[in-house]
Amino acid sequence: MTTSLLKPVATPAAARKETSSRYHNGRFYNLDPAEKVPHQLWKMFKALLFGNYPRRVPDKSIPIQTLTAAMLDNLAEDAAVVYRLGHSSLLLKLDGHFWLTDPVFSERASPVQFLGSRRFHQPPISVSELPSIKAIILSHNHYDHLDKHTIRQLADKVEYFVTPVGVGLDLQKWGIDPACIIECDWWQSIKIGETEFAATPAQHFSGRSLGDRDSTLWCSWVIKGQQKKLFFSGDSGYFSGFKHIGQEYGPFDITFIETGAYSDIWPDVHMTPEQSVQAHIDLRGKGMVPIHNGTFSLSFHPWDEPFERVSKAAQAQQVTLHTPLIGAQLDLDEPGETEAWWRQ
């Protein structure tokens, strides 16, 4: 079912869109119908203006583990590890290279840095301390996943940028060499060195302004290394596609599943923690790491509620859950037990 891209795709994004099976009438579409979030704008404003939603942000500093260049330099060449840098940003060492997902190092996940959701914590490592990155893997173009300032800071450290169809155009506008950009449609894969990346469906949407909704694709990613097989959800509502991905690519050693920013106002495009656990089961994952939490307040629930609910759901479903401290190393060979750091 998958098709492979053997080299970086430098075709202009506008031309690439026309070849996508998900692109019709000027926009991309989900597999399952999803209600448009803009149709819920009144509900959102009403909730913000009149709702009582306590504890959306921590009332004190949350614990993090500082990560340094020296610590990364001292890793064994064959180490298979991951570090949560916050929200959906993951630093992986796999197959002898470093990989980075959805990097956001800015203070706010917003078009402007004087307004919008502010970080609960600073990144556990600075951009300058990061090692050379073989590839950045992007799931979609929302501001809490694609940060212009961070991309520009990282440009000289990164060999490839792997994106869904259309996202490469933004990167080119920001000065990224088109020869370094690899765009994938759903079910297309690219091999970089010994590691394969397959773009798989997600149920979400895209857009960086009021006028560009769904003009670029969104996706999840299968990371098929020689050492481990991983799944990175990006953003998604719960949908039938998880079972399909599990059948096609599972089982996975670790799944990194969106668990946060959910609301009954937008149930189709973000999962509840209970649905996140079910997605992990559908994917045939062994261990699960809940992501998309602990860094920004992007919904109305208490900041730590995703951790409590996913922990309870995982226990009920007998799912092995890993909740590493932000910045702490998680060994992909022997993840071991992690603590409920959000209760500290």
Side-chain angles (χ1 to χ4, degrees), residues 61-109 113 118-139 144-163 171 174-177 180-182 192-195 197 221 223 225-228 230 232 254 256 289 291-296 322-336 338-339 341:
S61 298
I62 67 173
I64 66 170
Q65 171 67 59
T66 300
L67 185 59
T68 67
M71 294 165 67
L72 297 173
D73 287 342
N74 289 331
L75 287 173
E77 180 64 24
D78 63 350
V81 298
V82 63
Y83 304 88
R84 270 204 75 192
L85 304 185
H87 202 55
S88 296
S89 302
L90 302 170
L91 178 64
L92 290 159
K93 183 164 190 188
L94 189 70
D95 297 344
H97 298 290
F98 285 101
W99 318 86
L100 187 58
T101 69
D102 288 358
V104 178
F105 283 71
S106 291
E107 183 68 16
R108 298 179 188 270
Q113 287 303 297
R118 174 175 280 174
R119 304 181 72 95
F120 303 161
H121 62 84
Q122 290 304 305
I125 188 171
S126 66
V127 170
S128 63
E129 288 271 289
L130 283 172
S132 295
I133 305 296
K134 190 69 173 177
I136 283 179
I137 314 302
L138 296 170
S139 64
D144 57 320
H145 296 262
L146 178 60
D147 178 35
K148 176 181 179 180
H149 182 62
T150 299
I151 293 296
R152 282 180 161 173
Q153 282 186 301
L154 284 166
D156 292 339
K157 287 179 175 280
V158 180
E159 188 171 348
Y160 292 111
F161 294 81
V162 184
T163 83
L171 302 186
W174 301 341
I176 303 301
D177 185 347
C180 298
I181 300 169
I182 307 171
I192 302 176
E194 297 298 318
T195 312
F197 297 88
W221 288 99
I223 304 172
Q226 296 295 301
Q227 294 173 295
K228 295 291 172 183
L230 311 172
F232 174 66
I254 299 284
F256 299 93
V289 176
I291 60 172
H292 203 254
N293 51 49
T295 302
F296 299 109
H322 306 293
T323 55
L325 190 70
I326 301 294
Q329 178 180 299
L330 184 71
D331 191 317
L332 297 177
D333 288 318
E334 297 180 6
T338 51
E339 60 183 331
W341 57 265

What are the two closest non-hydrogen atoms of Thr195 and Gly225, and how far apart are they?
CG2-CA, 4.1 Å
Under 3.5 Å, side chain of Thr101 to main-chain N/O of Ser88, donor-acceptor pair present?
yes
What residues, two or more places apart in sequence or in another chain, satisfy side chain to side chain donor-acceptor pair (under 3.5 Å) together with Thr295?
His121
So, taking the atom named OG in Ser106 and the one named CD in Gln153, what distance separates them when rounded to the nearest 0.5 Å?
7.0 Å
Output yes when a side-chain donor or acceptor of Asn293 lies under 3.5 Å from a complementary backbone atom of Ile291, and no otherwise.
yes
Roughly how far apart are Leu154 CG and His149 NE2, rounded to 0.5 Å?
9.5 Å
Ion pair Glu159/Lys134, N-O distance below 4.0 Å:
yes
Starting at NZ of Lys93, measure out to CG of Asp331 and round the result to the nearest 0.5 Å.
12.5 Å
Report yes if some heavy atom in the side chain of Val289 is under 4.5 Å from a heavy atom in the side chain of Pro324; otherwise report no.
yes
In terms of heavy-atom contacts, Ala69 and Ile125 come closest through N-CD1, 4.4 Å
Restricting to salt bridge (Lys or Arg N to Asp or Glu O under 4.0 Å), what partner residues turn up for Glu194, sequence neighbours left out?
none
Minimum side-chain heavy-atom gap Leu130-Phe105 below 4.5 Å
yes
Side chain Asp95, main chain Gln226, donor-acceptor under 3.5 Å
yes
With Pro103 as reference, evaluate Leu138, Leu90, Leu91 under the side-chain contact (heavy atoms from CB on, under 4.5 Å) test and give the passing residue.
Leu138
Looking at every heavy atom in both Leu72 and Pro131, which two are closest together, and how far apart are they?
CD1-CD, 3.5 Å
Do Pro63 and Leu325 come close enough that some side-chain heavy atom pair is under 4.5 Å?
yes
Applying side chain to side chain contact (heavy atoms under 4.5 Å, CB included) to Leu100 and Leu85, what does each step give before you reach the verdict?
CA-CA 10 Å; Leu100 187 58; Leu85 304 185; 3.8 Å; yes
From the list Ile151, Ile136, Asp102, Val104, side-chain contact (heavy atoms from CB on, under 4.5 Å) with Leu146 holds only for Ile151
Between Glu107 (side chain) and Arg118 (backbone), is there a donor-acceptor pair under 3.5 Å?
no
Please report the interatomic distance CD(Gln65) to CH2(Trp341), rounded to the nearest 0.5 Å.
13.0 Å
Spatial distance of atom CD1 (Ile137) from atom CD1 (Ile192) [nearest 0.5 Å]
5.5 Å
Parallel, tilted or perpendicular: ring planes of His87 versus His292, cut at 30 and 60 degrees:
tilted
For Leu94, does its backbone N or O pair with a side-chain atom of Trp99 as donor and acceptor, under 3.5 Å?
yes
For Asp333, which residues count as a side chain to side chain donor-acceptor pair (under 3.5 Å) partner, sequence neighbours excluded?
Lys228
Test side chain to side chain contact (heavy atoms under 4.5 Å, CB included) on Leu330 and His322; report intermediate values, then the result.
CA-CA 9 Å; Leu330 184 71; His322 306 293; 4.2 Å; yes
Flag, side chain of Arg108 to backbone of Gln113, donor-acceptor distance under 3.5 Å
yes
Find out whether Phe98 and Leu75 are in side-chain contact, i.e. whether some heavy atom of one side chain is under 4.5 Å from a heavy atom of the other.
yes
Minimum side-chain heavy-atom gap Val158-Ile176 below 4.5 Å
no
Roughly how far, to the nearest 0.5 Å, is the CZ atom of Arg84 from the CD1 atom of Ile64?
12.0 Å
